[in-house]
A.B. asks: 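Once you've had a glance at the structure underneath, I'll fire off some questions.
Below, each value reflects all heavy atoms present in this structure, side chains not excepted, and no hydrogens, waters or symmetry copies. Start at 1 and go down the list; that is how both ligands and their atoms are numbered. For reference, positions follow the sequence shown, starting with 1.
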Amino acid sequence: MQDKILVVGAGGQIGAVLTDALREAHGTDNVIATDLRPLENQSGPFEILDALDGNALTELVKKYRATQIYHLAAILSATGEKNPMWAWDVNMRSLFNVLEVSREQQLSKVYFPSSIAVFGLQAAPAMTPQYSVLIPETVYGISKVAGENWANYYYRRYGLDVRSLRYPGIIGYQSMPGGGTTDYAVDIYHYAVQDKPYECFLRADTPLPMLYMPDAIRATLQLMEAPANSLSVRTSYNLAGMTFNPGEITASIQKEVPDFKVTYKPDFRQAIADSWPASIDDSAARKDWGWKPEFDLDAMTRDMLLHLREQYSV
Ligand code: NAD
Ligand code: SER
């Protein structure tokens, strides 16, 4: 049977790219993009949807006879700290709406991304294992830990096939990030191609796990295509690509743009970054569904600069 996929939060940093990839894989008309705000340049169906409106979500699932939902709408780590109750409400209520409609309408699969933000200061700071102490420092992280456990609950209690990845910071040229702590690693490339100096909001020596967008999209599609009986993790899979700090990404860019200058002025996001691990053990993902990243830092830098130079016509 042909799947019909509803993407919730399709206009975001990941949603914009993932929607195109899903349309490529499943057919343009079979992927319905939805977001709070109007989106331009949609090649397929698009609907305005506030994921907090459970009735509106149910109507769309029925209207398009959706068989899968990719639930990407969320308030990310840095924005969430500015208004914790609002972030909790958006992240949890939207997830419950997605899980409930998927259970009631018997959807075949649900995708819900989690994050490295589930880890806090008590988790191992490097090569953090799949099963770690999860005491996050941010409301965003708390919502992701809760979300992972609800995903697991719906799978075990109702048999709903919910799948999830703990994305590291995602870096891509196609879209801009939406209020996270890892956003600097996208912004910095935009400044470099425009020959502008960049002021980084993290210290130069702050390592974080990161992943290039093509690898993130490939991981997502691979997980969602994997046979259900090969998946041993029903909370959320650790996922790793590369680790670098702001000093190292600057040095990588300077190999291509020698005059690029970066200064460092840490703000409230430093404490968030300091609470996250530097690297992640993703051996469960590798073993269960064959995950393997393709891009390292320098390969990503070359690709980012190539595409951004085209975008800025420089
Ligand atoms: P984003 O902030 O760029 O995009 C979120 C999208 O959701 C936006 O288009 C926004 O308009 C929409 N949205 C917000 N509230 C909504 C609502 N109530 N109803 C409908 N749409 C709403 O986020 P992203 O970076 O694309 O992240 C997508 C998912 O991946 C999130 O769940 C996020 O937690 C997770 N994630 C992202 C990263 C990353 O580095 N980008 C890392 C780890 C996890
Ligand atoms: N990139 C995300 C953030 O910084 C991690 O989930 O919030």
A.B. asks: Can you name the salt bridge (charged side-chain N to carboxylate O under 4.0 Å, His left out) partners of E100, sequence neighbours left out?
C.D. replies: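 Result, salt bridge (charged side-chain N to carboxylate O under 4.0 Å, His left out) vs E100: R103.
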A.B. asks: Measure from the ring center of W88 to the ring center of Y140 and say whether it is less than 6.0 Å.
C.D. replies: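 W88 vs Y140: aromatic centres not under 6.0 Å.
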A.B. asks: Are the side chain of R163 and the backbone of M224 linked by a donor-acceptor contact shorter than 3.5 Å?
C.D. replies: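 Yes, R163 side chain to M224 backbone: donor-acceptor pair under 3.5 Å.
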A.B. asks: Report yes if some heavy atom in the side chain of P246 is under 4.5 Å from a heavy atom in the side chain of T206; otherwise report no.
C.D. replies: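 They are in contact (side-chain heavy atoms under 4.5 Å apart), so the answer is yes.
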A.B. asks: Please tabulate, line by line, the atom pairs linking an N/O of ligand 2 to a protein N/O at a distance below 3.5 Å, with the distance in Å to 0.1, or answer 'none'.
C.D. replies:
residue	atom	partner	partner atom	Å
ligand 2	1 (N)	T182	OG1	2.7
ligand 2	4 (O)	S77	OG	3.3
ligand 2	4 (O)	T181	N	2.6
ligand 2	4 (O)	T182	N	3.2
ligand 2	6 (O)	S115	OG	2.5
ligand 2	6 (O)	Y140	OH	2.8
ligand 2	7 (O)	S77	N	3.2
ligand 2	7 (O)	S77	OG	2.6

A.B. asks: Should the ring pair F244 and Y184 be called parallel, tilted or perpendicular, given that the plane angle runs from 0 to 90° and is split at 30 and 60?
C.D. replies: perpendicular
A.B. asks: Can you list the steps and then say if R234 with V162 is a side-chain contact (heavy atoms from CB on, under 4.5 Å)?
C.D. replies: CA-CA 7 Å; R234 286 296 181 161; V162 192; 5.5 Å; no
A.B. asks: Parallel under 30°, tilted from 30 to 60°, perpendicular over 60°: which one fits the rings of W150 and F96?
C.D. replies: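 Taking F96 first and then W150, their aromatic rings stand perpendicular (interplane angle over 60°).
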A.B. asks: Going by atom types alone, do Q2 and R65 pair a side-chain donor with an acceptor below 3.5 Å?
C.D. replies: no
A.B. asks: Give me the pairs of N or O atoms, one from ligand 1 and one from the protein, that sit under 3.5 Å apart.
C.D. replies:
residue	atom	partner	partner atom	Å
ligand 1	3 (O)	Q13	N	2.8
ligand 1	9 (O)	G12	N	3.1
ligand 1	9 (O)	D35	OD1	3.4
ligand 1	9 (O)	D35	OD2	2.7
ligand 1	9 (O)	R37	NH2	3.0
ligand 1	11 (O)	D35	OD1	2.6
ligand 1	11 (O)	R37	NE	3.2
ligand 1	18 (N)	D50	OD1	3.0
ligand 1	19 (N)	A51	N	2.8
ligand 1	26 (O)	Q13	N	3.1
ligand 1	26 (O)	I14	N	2.8
ligand 1	32 (O)	L72	O	3.3
ligand 1	32 (O)	K144	NZ	2.9
ligand 1	34 (O)	Y140	OH	2.5
ligand 1	34 (O)	K144	NZ	3.0
ligand 1	40 (O)	I170	N	2.9
ligand 1	41 (N)	Q13	OE1	2.8

A.B. asks: Other members of the hydrophobic cluster containing M127, with the 4.5 Å side-chain heavy-atom rule, please.
C.D. replies: none
